[in-house]
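As the structure is a prediction and not an experimental result, all values here were calculated from the model. Order of the sequence lines sets the chain letters (A, B, ...), proteins ahead of strands, with each chain counted from 1.
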Number of protein chains: 2
Amino acid sequence: MQKAIQKRKLKTRARLFAAAEDVIERNGYEALRVEEVVQAAGVAKGTFFAHFRDKDALMEILIGQKLVDCFDSVEQGPTPTTVPDIINALAPIHAFMTSERYVFDLILRYSGATAIAEIGPIAMCFERYVRMVAKWLEHAQVRRDVSPDLLADGVQAFAIQSMSLTYCALHTSQSFQNRLEIYLKAWLTPTG
Amino acid sequence: MQKAIQKRKLKTRARLFAAAEDVIERNGYEALRVEEVVQAAGVAKGTFFAHFRDKDALMEILIGQKLVDCFDSVEQGPTPTTVPDIINALAPIHAFMTSERYVFDLILRYSGATAIAEIGPIAMCFERYVRMVAKWLEHAQVRRDVSPDLLADGVQAFAIQSMSLTYCALHTSQSFQNRLEIYLKAWLTPTG
DNA sequence: ATCAAAAAATGACCACGGTCAATATAAAAT
DNA sequence: ATTTTATATTGACCGTGGTCATTTTTTGAT
């Protein structure tokens with residue numbers, strides 16, 4: 001028989017989150033150590049893993065939450081209608097995704113959920129990205145020979161490609177924004 | 001003054017590679033343990049790290065080598081001229097990249113070299129991918145309003161997107177090949 | 001209040017990647 | 001040959017993520 005979750009557990013969980021956010025605030029995501037978090041939270045190490053499957057699971061939640069915040073703020077703003085506007089509108093999301101190499105890699109790893117049961121916040125955001133952009137494209141000045149959903153998928157693909165090249169020393173001649181603009185103009189408004 | 005590398009070192013290195021390949025042959029890339037490799041090679045653990053910066057460095061070399069083999073065999077074949085042919089031609093490369101989740105993630109992580117000095121085999125292959133596809137596109141039946149280089153960049157972006165979705169339970173309705181074909185038709189032969 | 005059972009927390013312990021001072025071996029100088 | 005110096009190897013040791021049998025706390029029934 002299932003008993004209800006105790007308030008104690010919620011409190012412990014909250015303390016772990018607070019401690020983790022504090023640690024990250026100071027040293028960034030990559031430098032986070034589980035040991036440091038549990039000490040700051042005043043609990044034993046085992047407790048951490050009773051709350052989170054592993055370290056990555058905590059990271060997924062924290063980074064996912066930040067991503068959700070980004071999406072929320074982007075969706076507050078006006079609907080962009082041109083390629084430069086779209087890139088501008090997406091900027092906060094892309095900026096956070098590339099704020100740390102570690103963050104970018106983790107997001108990529110969790111962008112697809114292997115099983116339906118374990119669709120986490122990051123995978124949800126990837127879905128949301130496509131839905132949001134597709135909605136924009138319905139009313140934007142873009143090609144109409146393919147569906148907005150397909151176009152939105154492409155925007156995501158090109159954004160990821162551009163962000164990846166951000167970390168590549170072979171492609172420093174262009175900034176992220178420039179590169180993405182070139183890609184998206186060719187993708188969304190072909191003149192063939 | 002620099003003395004020459006001793007033959008002994010080359011032998012040890014060869015033993016490490018052979019042992020690692022053997023271990024991978026049996027259990028795949030992800031399950032590889034450094035301890036297992038050094039035992040099979042008959043050397044101490046420290047020796048491993050005198051030859052490779054870390055475990056990933058060995059993986060990059062081994063996976064990079066396999067990738068090079070894939071590219072070599074693809075470049076042996078005929079030059080594809082249509083979208084389905086292009087997808088077919090690239091199949092061996094894509095197949096290897098998605099042969100193991102671990103392999104795919106590692107390849108993505110190493111696809112861009114942070115510093116010019118440390119461009120490894122995987123980053124080289126990503127360059128090669130674009131060069132090869134761009135060459136194909138020069139003589140393929142595709143749009144001409146943008147450069148083959150740009151088109152090839154896009155092919156890479158869409159291929160990665162398609163491979164990523166392979167690992168996502170939210171997108172099982174379509175196979176990798178189907179999805180990529182839809183993307184590439186829209187990208188390479190728009191009818192706007 | 002007392003007790004039984006479920007939930008939560010604990011910390012000693014393990015697995016595995018990675019380090020480094022010490023040692024052994026090879027090559028060059030005498 | 002002997003000595004010197006650079007190169008290569010060693011294995012005890014460490015850091016950190018993760019496990020699990022045991023203990024503590026909470027809850028609900030009597």
Side-chain angles (χ1 to χ4, degrees), chain A residues 1-20 22-24 26-63 100 102-103 105-106 109-110 118 120, chain B residues 1-20 22-24 26-63 100 102-103 105-106 109-110 118 120:
Chain A
M1 176 200 307
Q2 280 275 79
K3 286 196 178 178
I5 291 175
Q6 300 175 8
K7 255 189 296 182
R8 177 174 53 147
K9 181 164 189 178
L10 295 178
K11 243 183 176 168
T12 303
R13 194 179 169 83
R15 292 242 301 287
L16 283 168
F17 275 127
D22 204 56
V23 168
I24 290 165
R26 287 205 308 278
N27 302 321
Y29 288 90
E30 179 155 28
L32 181 139
R33 297 285 168 266
V34 172
E35 191 66 48
E36 204 180 349
V37 173
V38 296
Q39 265 179 21
V43 300
K45 203 178 197 175
T47 303
F48 181 97
F49 294 97
H51 285 260
F52 311 103
R53 189 206 322 275
D54 53 26
K55 183 176 142 174
D56 276 1
L58 168 68
M59 288 303 193
E60 195 195 358
I61 294 172
L62 292 177
I63 290 174
E100 244 186 82
Y102 176 86
V103 170
D105 286 345
L106 191 137
R109 267 207 330 276
Y110 281 86
E118 50 189 55
Chain B
M1 179 201 306
Q2 279 275 79
K3 286 196 179 177
I5 291 175
Q6 300 175 8
K7 255 189 295 179
R8 176 173 54 147
K9 181 163 190 178
L10 295 178
K11 244 184 177 168
T12 302
R13 193 179 170 84
R15 292 242 301 287
L16 283 168
F17 275 128
D22 204 57
V23 168
I24 290 165
R26 286 205 310 278
N27 303 320
Y29 289 90
E30 178 154 31
L32 181 141
R33 298 285 167 267
V34 172
E35 190 66 48
E36 205 181 347
V37 172
V38 296
Q39 264 178 22
V43 300
K45 203 178 198 175
T47 303
F48 181 97
F49 294 98
H51 284 260
F52 310 103
R53 189 205 322 275
D54 52 28
K55 184 176 140 173
D56 276 1
L58 168 67
M59 288 302 193
E60 195 196 359
I61 294 172
L62 292 177
I63 291 174
E100 245 187 83
Y102 176 87
V103 170
D105 286 346
L106 191 136
R109 268 207 329 276
Y110 281 86
E118 50 188 55

Rounded to whole Å, please give me the gap between [atom1] in [X] and [atom2] in [N].
{"X": "A:F52", "N": "D:dT19", "atom1": "CZ", "atom2": "P", "result": "15 Å"}
{"X": "A:L58", "N": "D:dG17", "atom1": "CG", "atom2": "C1'", "result": "13 Å"}
{"X": "A:K11", "N": "C:dA9", "atom1": "NZ", "atom2": "P", "result": "12 Å"}
{"X": "B:I5", "N": "C:dA27", "atom1": "CD1", "atom2": "C1'", "result": "14 Å"}
{"X": "A:K9", "N": "C:dT10", "atom1": "NZ", "atom2": "P", "result": "13 Å"}
{"X": "A:Q39", "N": "C:dG11", "atom1": "CD", "atom2": "C1'", "result": "13 Å"}
{"X": "A:N27", "N": "D:dT16", "atom1": "CG", "atom2": "P", "result": "12 Å"}

Which one, C:dT25, C:dA9, D:dT26, comes nearest to the side chain of B:R8?
->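 That would be C:dT25.
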Residue B:A44, side-chain atoms from C-beta onward, closest of D:dT27, D:dA8, D:dG11 |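 The answer is D:dG11, which lies nearest to the side chain.
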Are side-chain heavy atoms of B:F52 and B:L16 found at a separation under 4.5 Å?
->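 A side-chain contact exists here, since the closest heavy-atom pair is under 4.5 Å.
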Do A:T47 and A:V38 come within less than 4.5 Å of each other through their side chains, counting heavy atoms only?
->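 Of all side-chain heavy-atom pairs linking A:V38 with A:T47, none is under 4.5 Å.
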How many angstroms lie between atom CD1 of A:I63 and atom CD1 of A:I24, to the nearest 0.5 angstrom?
->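 Rounded to the nearest 0.5 Å, the CD1-CD1 separation comes out at 7.0 Å.
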For the atom pair CZ (A:R109) and CZ (B:R109), what is the distance rounded to the nearest 0.5 Å?
->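 If I round to the nearest 0.5 Å, the distance is 7.5 Å.
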Could you tell me whether the phosphate oxygens of C:dA9, OP1 or OP2, come under 4.0 Å of any side-chain nitrogen or oxygen in A:T12?
->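 Answer yes for this pair, as a side-chain N or O of A:T12 is under 4.0 Å from OP1 or OP2.
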Can you find a side chain N or O atom of A:H51 that sits less than 4.0 Å from OP1 or OP2 on C:dA8?
->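 No, because none of the side-chain N or O atoms of A:H51 sits under 4.0 Å from OP1 or OP2 of C:dA8.
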Output yes when a side-chain donor or acceptor of B:E100 lies under 3.5 Å from a complementary backbone atom of B:E30, and no otherwise.
->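 Such a contact is found between B:E100 side chain and B:E30 backbone.
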Give the minimum heavy-atom separation between B:A19 and B:V37, together with the two atoms involved.
->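 The pair with the smallest heavy-atom distance is CB-O, 3.6 Å.
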Quick one: do A:D22 and A:R26 make a salt bridge, cutoff under 4.0 Å?
->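 Counted as a salt bridge, because a side-chain N and a carboxylate O are separated by less than 4.0 Å.
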Report all interatomic pairs (protein N or O, nucleotide N or O of nucleotides 16-22 of chain C) with separations under 3.5 Å.
unit_1, atom_1, unit_2, atom_2, d
C:dC16, OP1, B:R33, NE, 3.2
C:dG17, OP1, B:K55, NZ, 3.0
C:dG17, OP2, B:V34, N, 3.2
C:dG17, N7, B:K45, NZ, 2.9
C:dG18, OP2, B:K55, N, 2.7
C:dG18, O6, B:K45, NZ, 3.4

